[in-house]
Protein chains: 2
Amino acid sequence: MSIHPLEFRLISNPNQQEIITSEKDWHNTIILGDCSKVLQKIPSNIVDLIVTSPPYADSRKKTYGGINPDDYVQWFLPISKQMYRVLKADGTLIINIKEKVVNGERHNYVIKLILAMQQQGWLWTEEYIWHKKNSYPGKWPNRFRDAWERCLQFNKQKKFKMYQERVMVPMGDWAKTRLKNLSETDQTRDNSKVESGFGKNVSNWLGRTMVYPTNVLHLATECSNKSHSATFPKSLPAWFIQLFTEPGDTVFDPFLGSGTTAMVAKELGRCYIGIEIKEEYYQGALINIEKLYLIVKIKVSLGLIKHKKLII
Amino acid sequence: MSIHPLEFRLISNPNQQEIITSEKDWHNTIILGDCSKVLQKIPSNIVDLIVTSPPYADSRKKTYGGINPDDYVQWFLPISKQMYRVLKADGTLIINIKEKVVNGERHNYVIKLILAMQQQGWLWTEEYIWHKKNSYPGKWPNRFRDAWERCLQFNKQKKFKMYQERVMVPMGDWAKTRLKNLSETDQTRDNSKVESGFGKNVSNWLGRTMVYPTNVLHLATECSNKSHSATFPKSLPAWFIQLFTEPGDTVFDPFLGSGTTAMVAKELGRCYIGIEIKEEYYQGALINIEKLYLIVKIKVSLGLIKHKKLII
DNA sequence: GTTCCGCATGAATCGATAG
DNA sequence: ACTATCGATTCATGCGGAA
């Protein structure tokens with residue numbers, strides 16, 4: 001069995017009713033369309049993890065999505081309801097979000113969203129903090145730089161899959177650089193991670209005492225990609241994918257953007273499903289993911305990777 | 001004018017109706033009593049900053065306060081209403097709080113409290129994150145150590161007093177160097193800070209590029225002083241007092257505990273008002289603050305501090 | 001006097017056991 | 001079934017005693 005070609009399923013018009021019946025059809029697929037519509041066609045209970053960064057509320061109309069802060073909760077609830085349906089019972093939902101400042105005040109649409117999602121049946125298991133180490137500089141009369149975002153964890157039930165050992169970090173003084181190392185590795189070692197989690201990093205750290213991390217993640221924002229409104233660095237979905245899924249599991253992102261979640265899922269040996277509404281971002285995601293397949297193909301042809309490792 | 005003796009006002013029974021009419025009477029006073037009662041006697045618009053860490057919700061009845069999570073908001077709202085009244089128009093309220101895990105899920109009483117306080121007229125200006133480097137250890141099947149707490153900033157109006165330059169930090173890792181120094185300095189150089197903010201630390205920073213901090217604070221909890229169960233380290237209120245008040249301003253804490261807020265306010269040359277309901281903590285706070293006065297007295301007698309600096 | 005090492009100690013949470 | 005209590009778990013920090 002060799003690397004199968006990409007099978008990207010393009011549903012530009014969701015009403016065309018392309019019938020997809022089996023669960024398998026959705027694996028490793030990204031779809032162009034409005035996720036509130038496309039989600040209705042995805043079978044129930046097929047996703048192990050949802051990692052997503054929905055478009056932030058913004059009163060400016062032209063931006064991506066452009067949902068008004070006051071309408072945000074009502075806009076999001078139908079989508080979260082569908083996410084609840086497609087997620088497996090022991091799966092996890094991670095939402096990366098941060099409220100905007102509106103009229104000098106933090107808007108309350110995020111905390112209202114938490115309450116509304118609890119009404120839908122979601123359990124608000126935990127709130128992780130993403131501490132952005134190098135956020136954009138800036139100073140305002142009333143506030144400092146905003147250097148953190150919420151990563152809200154929701155579950156359908158109290159028992160869910162979690163593999164804590166995978167994200168253990170070196171102890172003590174190395175704690176400072178714990179996730180920085182992890183982040184750097186993500187950027188350099190593409191597919192070695194398919195084999196064994198974070199690959200050689202783990203072996204480097206063996207012999208040193210490993211400890212469990214906390215619910216505060218120190219990750220640098222990626223400064224490289226300026227073209228899109230890139231939401232999170234690859235190390236952010238990587239951390240949650242490692243923590244909440246096994247290789248072969250399915251990771252879903254209804255707001256795929258430039259494809260970060262799908263790329264990381266692929267790199268870590270997970271299946272991915274992604275939806276993106278803007279064709280510009282969708283095309284970028286296609287290219288980014290296709291690159292991954294090409295890189296793997298080249299490495300295999302050079303004998304750098306053993307064949308059997310690639311079959312997903 | 002010499003150092004006036006301590007005038008601690010003991011109101012063990014708030015119904016005794018000790019009449020306090022003038023604003024001045026409340027300066028540098030700590031009161032034993034239920035803050036929801038005592039607050040009603042404090043004049044309006046006399047406080048520049050409230051820094052407080054209310055008792056966290058806890059279903060166990062015995063513990064301090066022991067407010068049930070489901071009753072927390074209704075318990076707190078009368079107090080926040082009084083805090084609104086005593087705070088000056090351009091003053092600030094900082095609440096250090098974190099929701100407990102109840103039944104495997106983060107309870108929503110904190111975010112409900114935010115919404116309810118907005119209904120009272122409070123502006124939710126900002127949410128600072130206190131990143132606790134040494135939080136309580138533990139590993140559980142479904143979560144990691146909780147290493148952060150919320151510091152919610154509320155204001156009465158969009159324009160408020162803020163002195164951002166005072167909390168500027170050396171470029172680089174401001175958390176590790178600056179605030180650790182500050183913590184150590186607080187313990188050793190008590191009143192030198194009265195003169196110029198953080199005192200000699202500033203001179204250490206000369207020559208280094210100073211930058212504004214972010215809304216993420218790295219502070220370690222002060223541990224292993226068996227006598228006190230201080231909720232937050234002195235550097236936490238110190239940071240907000242520096243940021244939101246000038247010397248001579250009044251800092252208020254309705255849940256004084258062992259007196260941390262009052263001690264820091266005193267050390268930084270601000271006036272303090274504190275309320276504590278448990279006599280055990282109240283006595284401890286009395287002792288802690290009295291120590292500060294004694295230290296000042298001794299230093300003056302030794303000629304280590306100039307007299308005029310001490311008049312508050 | 002330094003530096004180093006051992007140890008107690010937390011605003012915790014879960015699961016099991018008991019009423 | 002639901003609530004109350006208890007033991008086990010776990011690591012950054014700062015103190016005291018030792019080298």
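Side-chain atoms are counted along with the backbone in the values below, which use heavy atoms only and exclude waters and symmetry mates. Letters A, B, ... are given to chains in the order of the sequence lines, protein chains preceding strands, and every chain is numbered from 1.
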When rounded to whole Å, the CG to P distance for the pair B/Asp58 and C/dG10 reads 16 Å

| field | Residues A/Asp90 and A/Lys161 bridged, charged N to O under 4.0 Å | value | no

Taken to the nearest whole Å, OH/B/Tyr136 to C1'/C/dG10 is 6 Å

Winner on side-chain proximity to B/Tyr56, out of D/dC11, D/dT13, C/dA11, is C/dA11

Side-chain atoms of B/Val101 come closest, of C/dC14, C/dA11, D/dC11, to C/dC14

Original post:
For B/Asp249 and B/Arg270, what are the C-alpha separation, side-chain angles and deciding distance, and is it a salt bridge (Lys or Arg N to Asp or Glu O under 4.0 Å)?
Top reply: CA-CA 5 Å; B/Asp249 282 358; B/Arg270 276 71 170 171; over 6 Å; no

It should be established whether B/Arg143 places a side-chain nitrogen or oxygen under 4.0 Å from OP1 or OP2 of nucleotide C/dT13.
no

Under a 3.5 Å limit on both distances, the Watson-Crick or wobble mate of D/dC11 is C/dG10

Side-chain atoms of B/Pro55 come closest, of C/dA11, D/dC11, C/dC14, to C/dA11

- Message: Could you tell me if B/Lys112 sits above the aromatic ring of B/Tyr72, with its cationic atom closer than 6.0 Å to the ring centre and no more than 45 degrees from the axis?
- Response: no

Checklist entry - Does C/dA12 have OP1 or OP2 sitting under 4.0 Å from an N or O in the side chain of B/Arg106? => result no

A/Met210 CE to D/dA12 P, in whole Å, measures 12 Å

Checklist entry - Are A/Arg106 and A/Glu99 ion-paired here, with the side-chain N under 4.0 Å from a carboxylate O? => result no

- Between C/dG10 and B/Asn134, is there an OP1 or OP2 to side-chain N/O distance shorter than 4.0 Å? no

B/Asp70 CG to D/dT3 C1', in whole Å, measures 14 Å

Quick check on C/dG15: is either OP1 or OP2 less than 4.0 Å from any side-chain nitrogen or oxygen of A/Lys159? yes

Using only modelled atom types and a 3.5 angstrom limit, is any donor from either the side chain of B/Ser53 or the base of C/dA11 paired with an acceptor on the other?
yes

Taken to the nearest whole Å, NE2/B/His107 to P/C/dC14 is 14 Å

DNA chain C nearest-nucleotide lookup for B/Ser135 and B/Asn142: closer to the 5′ end is B/Ser135

Please find out if less than 6.0 Å separates the ring center of A/Phe240 from that of A/Tyr128. yes

From CH2 of B/Trp140 across to P of D/dT9 the rounded distance in Å is 13 Å

From NZ of B/Lys139 across to P of D/dC11 the rounded distance in Å is 10 Å

When rounded to whole Å, the OH to C1' distance for the pair A/Tyr212 and D/dT10 reads 10 Å

